[in-house]
Amino acid sequence: ALDANAPYDYIVVGSGPGGAPVAAKLAQSGYSVLLVDAGDDQRSNTNTTVAIALANAAAEDDALRWDFFNPPAGSERLGVYYPRSGTLGGCSAHNAGAAVLPQDSYWDHISEMTGDETWNPRSMRGYFEEFERNMYSPKGTLGHGFDGWLTTSTTPPEAALANRSGRLAITREIAAKMGHDEDVYERMSVDINSNDPARDRQQGLFNFPFHHTPGGRRTNANLLLDSVLAARNEDGTPVNLLTIQLETLVTRVLFDDSGDTPRAIGVEYMQGKSLHRVLAKKGIIVSGGVFNTPQILKLSGIGPADELAKFGIPVVVHLPGVGAHLQDNYEISLAAHASVNLSAPADPNAPQCTHGIGDDPCVGLWRQGRGPYAIPGASHLVYKRSSVAQDNERDVVFWNPPSVLRGFFPGFSRPQGDPPTTFSFAMLHAQGRNHGGGSVGLRSADPRDVPDIFFNFWAEGAEQDLQALYEGIEFGRDVLSSMAEPVGPFTEFQPCLGRVGANCTAQATKDFIRRQVYSHHASSTAAIGADGDPLAVLDSRFRVRGTRGLHVVDGSALPRPPSPFPIIGQFMASYKAAEVILEDARGNGD
Ligand SMILES: Cc1cc2nc3c(=O)[nH]c(=O)nc-3n(C[C@H](O)[C@H](O)[C@H](O)COP(=O)(O)OP(=O)(O)OC[C@H]3O[C@@H](n4cnc5c(N)ncnc54)[C@H](O)[C@@H]3O)c2cc1C
């Protein structure tokens with residue numbers, strides 16, 4: 001347990017994909033580390049362990065949820081519902097588990113913006129190789145790791161599509177429309193995470209890796225933390241000085257401002273009704289996630305001076321970029337009904353799964369390594385380049401879940417009554433242009449208060465972003481309208497009603513996208529930026545500008561959402577952060 005009287009070398013606030021690896025790596029390097037999280041340990045909760053199949057149930061599990069709403073000013077709580085997880089592992093404990101690397105240009109952008117060449121894609125992939133335990137590629141495949149803690153696996157397409165001839169027929173049609181002439185199963189095994197230098201310009205069907213085991217058990221950085229805690233010397237004493245303190249809300253960072261530059265020396269935290277303090281000799285790393293990190297910084301006096309003054313918070317450093325630049329990946333679905341049942345279970349004798357509701361018979365089977373949850377089911381991804389794509393890279397990614405994700409709203413994880421004829425193209429725009437307008441502000445100086453979240457979607461580049469998603473929907477419509485009997489004809493029910501695409505103008509489709517878009521990859525609210533940029537919160541070594549001994553390492557540090565799925569990029573950045581924090585510690589004692 002946390003010892004408030006014994007200063008640690010480092011304190012890390014938040015155990016998500018940002019905080020957990022950096023805490024583990026610092027501890028493995030011989031430093032004493034306190035990792036604090038407001039949530040508790042839900043690793044034995046079935047909703048967190050059964051990957052994908054129960055991911056939605058996990059997102060609405062009372063034991064994990066840390067929900068955010070962002071109602072427009074002056075309104076009641078009718079804004080967008082945004083599930084997050086307050087538990088050991090952060091949102092990696094409830095997310096959908098997609099494990100896809102960002103495009104190389106993502107890292108090039110940070111490198112060019114900051115002039116720090118260590119962010120080059122080759123070095124960044126090195127971190128991935130260090131933590132990945134790849135279970136789907138031949139051992140030794142270049143660009144992958146095989147001995148790390150993050151198991152990645154794919155569902156063999158033959159298993160995902162067994163007994164589902166309708167879905168197989170649609171997948172063949174997608175492959176044909178993408179110009180593939182090889183066997184569809186072979187094509188569905190092409191690795192989306194390969195280190196082929198041409199990867200980010202390749203279009204078509206790819207495999208869909210997840211951070212789970214081949215049997216559908218979620219893996220995340222908790223496994224790394226476990227191994228760091230478990231390591232023992234010959235005499236039985238712990239090798240690593242890592243302390244994990246849960247159910248503890250950090251309320252602010254403490255500074256010593258006796259020198260020229262304020263130096264982070266500890267944190268204040270709340271347990272029950274009491275406030276306490278704990279100190280750190282070398283530094284504080286804030287990893288509270290994209291909504292709570294800017295809140296913690298602002299409550300600590302790091303943020304826009306006028307906003308801090310409004311809440312009576314003494315200014316430590318005026319940093320107007322704290323809470324600015326909130327961004328996210330836009331997502332939307334095309335959904336239609338086929339003329340046949342598309343959701344027949346792969347095993348006709350399998351029981352009816354309830355996806356986390358009541359006594360779910362599929363969980364027992366999964367524990368024995370059998371049943372539908374042991375074949376998680378997402379068989380492929382498709383990447384396409386739209387007419388507005390930048391740098392000649394693919395920019396629209398989609399997959400075909402057997403249900404329709406309509407976005408996030410209370411109750412979204414419960415069945416929405418879609419019949420088994422349902423087919424959808426869930427899609428995401430991987431090159432969103434809305435980089436500037438969103439924000440996370442304070443509602444009050446109370447650290448328990450929910451911050452004020454304003455996504456400001458479509459403020460910049462709306463025309464191109466809408467066009468990219470519109471073209472994705474048109475591609476899906478083209479596929480579905482080509483489906484012959486008995487699978488076709490299809491009847492669209494989202495964005496429009498009726499024969500696929502027949503009753504929907506481009507404008508009506510774009511209006512639907514604009515209204516119904518959803519997202520869950522928020523980022524950039526305390527971001528790395530160039531020297532001289534007044535809105536840059538961090539330098540390229542994760543250091544909070546104008547302070548000493550204070551770092552931010554999580555989704556808020558990254559200047560854009562890593563696309564199409566952020567978590568692998570966030571783990572990579574956390575590894576990089578650990579490396580530079582260690583270098584700085586050796587170099588100048590920060
Ligand atoms: C529903 C959903 C599905 C997703 N699916 C995918 C997916 O399939 N693939 C993918 O790549 N990404 C996915 N993501 C996104 C991904 O999980 C997140 O981007 C990632 O977890 C963010 O990591 P983080 O470290 O920035 O923050 P978080 O994961 O949010 O972790 C922050 C941690 O800090 C703790 N904390 C916050 N404030 C305090 C405080 N004051 N004191 C102490 N502790 C505090 C919280 O309890 C939490 O544990 C999904 C996200 C959601 C919400």
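Remember, it's 1-based here, ligands and their atoms both numbered in the order they're listed. These numbers come from the heavy atoms of this one structure, side chains and all, not from hydrogens, waters or symmetry mates.
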Partner residues of C91 under the disulfide (SG to SG under 2.5 Å) criterion, sequence neighbours left out: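 Applying disulfide (SG to SG under 2.5 Å) to C91 gives none.
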
Given that the side chain starts at C-beta and the backbone is N, CA, C, O, which of these parts of [X] lies under 4.0 Å from ligand 1, counting heavy atoms, or is it both or neither?
X: I296; answer: side chain
X: P447; answer: neither
X: S287; answer: backbone
X: H94; answer: side chain
X: P17; answer: both

Any A99 heavy atom less than 4.0 Å to ligand 1: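 No heavy atom of A99 comes that close to ligand 1.
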
Between F457 and F455, what is the ring plane arrangement, given parallel below 30°, perpendicular above 60°, and tilted in between?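 Tilted: the ring planes of F457 and F455 meet at 30° to 60°.
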
What is the ring orientation for F210 with F208, classed by angle as parallel under 30°, tilted 30 to 60°, or perpendicular over 60°?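 Judged by the thresholds at 30° and 60°, the geometry between F210 and F208 is tilted.
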
With heavy-atom distances below 4.0 Å as the criterion, list the atoms of ligand 1 near [X].
X: G90; value: 29 (O), 31 (O), 48 (C), 49 (O)
X: T87; value: 47 (O), 49 (O)
X: G555; value: 26 (O)
X: S85; value: 48 (C), 49 (O)
X: F565; value: 9 (N), 10 (C), 11 (O)
X: T248; value: 42 (N), 43 (C)
X: G14; value: 33 (C), 34 (O), 35 (C)
X: N292; value: 37 (C), 38 (N)

Can you check whether H144 and Y136 have ring centres sitting under 6.0 Å from each other?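 Centroid distance H144-Y136: below 6.0 Å, so yes.
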
Below the 3.5 angstrom mark, is there an N/O of [X], backbone or side chain, next to an N/O of ligand 1?
X: D37; value: yes
X: I568; value: no
X: G86; value: no
X: A522; value: no
X: A98; value: yes
X: G97; value: yes
X: P566; value: yes
X: V13; value: no

Is any side-chain heavy atom of I332 less than 4.5 Å from a side-chain heavy atom of F398?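 SC-SC contact between I332 and F398 ruled out.
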
L88 versus N222: any side-chain heavy-atom pair under 4.5 Å?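 L88 vs N222: side chains touch.
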
Quick one: does N434's side chain have a donor or acceptor within less than 3.5 Å of a partner on N456's backbone?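 Looks like yes, one N/O pair under 3.5 Å.
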
Could you check whether any side-chain N or O of S15 sits under 3.5 Å from a backbone N or O of G89, counting only pairs where one atom can act as donor and the other as acceptor?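 Yes, the answer is positive, given that a donor and an acceptor are paired below the 3.5 Å cut-off.
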
Atom pair OG (S524) and CZ (R560), whose distance is rounded to the nearest 0.5 Å: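 Nearest 0.5 Å value for the OG-CZ distance: 8.5 Å.
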
Distance, nearest 0.5 Å, that separates NE2 of H380 from OG of S189: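 So the NE2 of H380 and the OG of S189 are separated by 12.0 Å.
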
Just do the side-chain hydrogen bond (donor to acceptor under 3.5 Å, both in side chains) check on Q245 and Y269 with the steps written out, would you? CA-CA 11 Å; Q245 179 63 48; Y269 61 92; over 6 Å; no

For [atom], which candidate among [options] holds the nearest heavy atom?
atom: atom 16 (C) of ligand 1; options: L405, L246, N95, L35; result: N95
atom: atom 29 (O) of ligand 1; options: P102, C91, G16; result: C91
atom: atom 20 (C) of ligand 1; options: R84, R252, Q570; result: Q570

Shortest non-hydrogen contact between W107 and P102, atoms and distance: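 Of all heavy-atom pairs spanning W107 and P102, the closest is CZ2-CG, 3.6 Å.
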
Do the side-chain N and O atoms of T154 and N207 include a donor-acceptor pair separated by under 3.5 angstrom?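 No.
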
Only one of F425, F565, F206 clears ring-ring contact (aromatic ring centres under 6.0 Å, His included) with W399; which?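 Testing W399 for a ring-ring contact (aromatic ring centres under 6.0 Å, His included) against F425, F565, F206 leaves exactly one candidate, F565.
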
With sequence neighbours excluded, what pairs up with V317 under the side chain to side chain contact (heavy atoms under 4.5 Å, CB included) test?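 Partners of V317 under the side chain to side chain contact (heavy atoms under 4.5 Å, CB included) test: P262, I302, L319, T547.
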
